[in-house]
**Student:** 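First, the structure itself, so that you have it in front of you.
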Number of protein chains: 2
Amino acid sequence: MSLKYAVLAALLEGESSGYDLAKIFDVSVSNFWSATPQQLYRELERLAGDGLIDARVVQQERRPNKRMFTLTEAGLRDLHAFAAEPPRPIAIRDELMVKVQAMDGADPAATRALIEERMEWSRGKLARYERLRRHLLGGRDETEYLRDAERIGPYLTLMAGRSLEESNLRWGEQVLEILDRRFNYAGTTGT
Amino acid sequence: MSLKYAVLAALLEGESSGYDLAKIFDVSVSNFWSATPQQLYRELERLAGDGLIDARVVQQERRPNKRMFTLTEAGLRDLHAFAAEPPRPIAIRDELMVKVQAMDGADPAATRALIEERMEWSRGKLARYERLRRHLLGGRDETEYLRDAERIGPYLTLMAGRSLEESNLRWGEQVLEILDRRFNYAGTTGT
DNA sequence: CGATGGTAGTCAATTTGTTGAGTAGGTGCG
DNA sequence: CGCACCTACTCAACAAATTGACTACCATCG
């Protein structure tokens with residue numbers, strides 16, 4: 001129901017092709033909304049049909065032609081109305097948590113490895129966030145940016161993503177310690 | 001694809017009816033996997049057909065009969081194998097974040113209210129986690145529990161849920177402050 | 001020269017997920 | 001005594017998401 005608005009929100013950044021959006025949804029938006037390219041192309045079709053976005057074909061010389069999309073006035077109005085409505089509750093699908101929940105009786109070393117992988121992934125994500133943050137700030141100081149910038153929405157969601165990954169990392173550290181104690185990978189400290 | 005395993009993992013807690021599972025998926029599991037009752041009933045049907053769970057009908061006197069489900073040996077093996085496989089990446093759908101991303105140009109007071117609602121909801125969730133935690137500990141000290149308890153998976157996922165909600169709350173506090181500064185709901189401090 | 005990988009998509013099939021209604025008895029409230 | 005709410009589901013229809021394959025052309029590496 002609201003991949004629609006995730007797409008419209010992404011188009012606030014400016015004109016994009018479906019392919020561009022697929023990349024955006026893979027890196028930044030994917031923190032709080034995910035979509036496969038196929039979903040995006042379908043959704044763009046529908047949004048253009050409903051007059052919420054405009055499409056124009058760009059002829060290219062050495063690569064396939066592409067269609068670029070922009071928000072229309074109607075699309076922007078719709079998006080702003082959506083932004084003021086109460087959100088539906090957050091939905092999370094985290095297979096790792098199902099695996100952790102079911103870990104007892106299975107191989108603890110395997111679970112440990114999965115958690116370490118997740119932590120490594122979180123670290124990578126934090127690094128990407130930091131780069132994006134610098135890019136958004138554009139040399140300005142954070143306080144100044146938050147006071148004066150035209151758009152702060154993307155920065156606020158960036159903060160949420162960062163906060164989430166930091167919490168993931170802290171959780172991971174705690175769990176690794178617990179597993180090490182319980183299954184003594186670390187050996188006895190007093191020997 | 002893995003509502004299947006979320007259900008099997010829930011059955012580690014012991015024999016349950018579809019109705020019981022629906023309640024469990026509404027309170028505890030819903031932190032990292034969600035499902036509607038209809039999905040559960042369909043999934044239970046399939047799992048029983050595949051021999052991963054056993055079903056038995058319990059006749060009841062003053063209420064409808066129910067079917068109780070238990071893990072079979074095959075189901076447990078399948079679950080343990082799943083637990084050691086690499087998870088697919090986490091998928092989050094958070095409408096609030098889409099609204100925050102698109103807030104610029106819309107009504108900031110409305111966004112502010114949505115964030116406060118979310119924070120209130122997080123506080124409620126933390127309180128429920130704390131009750132569940134006490135229940136799991138059953139009077140034991142945490143260190144002791146994590147060393148000796150038969151199952152720690154549910155406790156570890158509980159920790160993750162708590163960690164997530166705490167991070168949500170911290171984020172909310174920061175954002176409220178930013179919005180107040182920017183749109184001066186707080187007025188000038190020096191008056 | 002062949003393989004790999006990027007751009008920019010489309011199509012079809014299947015699986016999941018969501019919504020709404022229906023059944024059927026019981027309990028508790030005022 | 002009537003109404004809402006709880007237990008415990010079932011059915012049907014629809015919407016959304018996922019998977020995999022396919023098209024086509026270009027650039028780059030070895």
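Here the structure is a predicted model, which is why all the values come from computation and not from measurement. Chain letters run A, B, ... following the sequence lines, proteins first, then strands; residues in each count from 1.
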**Student:** Can you tell me if the side-chain N/O atoms of B:Q39 get under 4.0 Å from OP1 or OP2 in C:dG17?
**Tutor:**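 Looking at the OP1 and OP2 atoms of C:dG17, one of them is under 4.0 Å from a side-chain N or O of B:Q39.
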**Student:** In whole Å, what is the span from the OH atom of B:Y41 to the P atom of C:dG20?
**Tutor:**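 Taking OH of B:Y41 and P of C:dG20, I get 19 Å after rounding.
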**Student:** Quick check on C:dT7: is either OP1 or OP2 less than 4.0 Å from any side-chain nitrogen or oxygen of A:S17?
**Tutor:**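 No, because none of the side-chain N or O atoms of A:S17 sits under 4.0 Å from OP1 or OP2 of C:dT7.
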**Student:** Indicate whether any N or O donor in one side chain lies under 3.5 Å from an N or O acceptor in the other, for A:N65 and A:Q60.
**Tutor:**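 Absent: no donor and acceptor within the cut-off.
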**Student:** Which of these nucleotides, C:dG17, C:dA8, D:dA8, is closest to any side-chain atom of B:L3?
**Tutor:**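 Within the option list, the nearest is C:dG17.
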**Student:** Quick check: on DNA chain C, is the nucleotide nearest B:R46 upstream (toward 5') of the one nearest A:F69, or the reverse? Name the residue that is more 5'.
**Tutor:**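 It is A:F69, whose closest nucleotide lies nearer the 5' terminus.
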**Student:** Does A:Y19 put a side-chain nitrogen or oxygen below 4.0 Å from OP1 or OP2 of C:dT7?
**Tutor:**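 Answer is yes, contact under 4.0 Å.
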**Student:** Report the C-alpha separation of A:E15 and A:R56 in whole Å, then their side-chain angles, then the decisive distance to 0.1 Å, and conclude whether the salt bridge (charged side-chain N to carboxylate O under 4.0 Å, His left out) test is met.
**Tutor:** CA-CA 10 Å; A:E15 196 180 31; A:R56 73 190 174 94; 2.5 Å; yes
**Student:** Expressed as a whole number of angstroms, how long is the span from A:E45:CD to C:dA8:C1'?
**Tutor:**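 Going from A:E45 (CD) to C:dA8 (C1'), I get 14 Å.
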**Student:** Using atom CG of A:N65 as one end and atom P of D:dC25 as the other, report the distance to the nearest whole Å.
**Tutor:**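 Distance check: A:N65 CG to D:dC25 P gives 12 Å.
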**Student:** In whole angstrom, give the distance that lies between atom CZ of B:R63 and atom C1' of C:dG28.
**Tutor:**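 For the pair B:R63 CZ and C:dG28 C1', the rounded distance is 13 Å.
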**Student:** Output the rounded distance in Å from OH (B:Y5) to C1' (C:dT15).
**Tutor:**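 To the nearest whole Å, that distance equals 15 Å.
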**Student:** Roughly, in whole Å, what's the span from CD in B:Q38 to P in D:dA15?
**Tutor:**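 Distance check: B:Q38 CD to D:dA15 P gives 17 Å.
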**Student:** Under the salt bridge (charged side-chain N to carboxylate O under 4.0 Å, His left out) rule, what do B:D148 and B:R140 come out as? Steps first, then yes or no, please.
**Tutor:** CA-CA 10 Å; B:D148 307 331; B:R140 280 166 294 187; over 6 Å; no
**Student:** Can you label the angle between the B:Y5 ring and the B:F82 ring as parallel, tilted or perpendicular, going by 30° and 60°?
**Tutor:**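 The rings of B:Y5 and B:F82 lie parallel, inter-plane angle below 30°.
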**Student:** Which nucleotide, D:dT18, D:dT7, D:dA24, lies nearest any side-chain atom of A:P64?
**Tutor:**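 Ranking D:dT18, D:dT7, D:dA24 by closest atom to the A:P64 side chain puts D:dA24 first.
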**Student:** Would you indicate what B:R42 reaches in the nucleic acid, counting non-hydrogen atoms under 4.0 angstrom: base, sugar-phosphate, or nothing?
**Tutor:**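 Base contact.
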**Student:** Take the protein atom CG of A:L40 and the nucleotide atom P of C:dC11, then report the distance between them rounded to whole Å.
**Tutor:**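 Interatomic distance, CG of A:L40 to P of C:dC11: 16 Å.
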**Student:** Can you tell me if A:R67 touches the phosphate of C:dT7, counting only side-chain N or O atoms and a distance under 4.0 Å to OP1 or OP2?
**Tutor:**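 Indeed not, no polar side-chain atom of A:R67 lies that close.
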**Student:** Would you mind reading off the distance between B:D20 atom CG and D:dA8 atom C1', rounded to a whole angstrom?
**Tutor:**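 Atom CG in B:D20 sits about 10 Å away from atom C1' in D:dA8.
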**Student:** Quick one: label B:Q60 by what it contacts on the DNA or RNA (base, sugar-phosphate, nothing), any heavy atom closer than 4.0 Å.
**Tutor:**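 It contacts sugar-phosphate atoms only.
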**Student:** Does a nitrogen or oxygen in the side chain of B:R93 sit under 4.0 Å from OP1 or OP2 of D:dA17?
**Tutor:**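 Answer is yes, contact under 4.0 Å.
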**Student:** Kindly indicate whether a cation-pi arrangement holds for A:K66 with A:Y19, taking the cut-offs as under 6.0 Å to the six-membered ring centre and within 45° of the axis.
**Tutor:**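 No - A:K66 does not lie over the ring of A:Y19 by the 6.0 Å and 45° rule.
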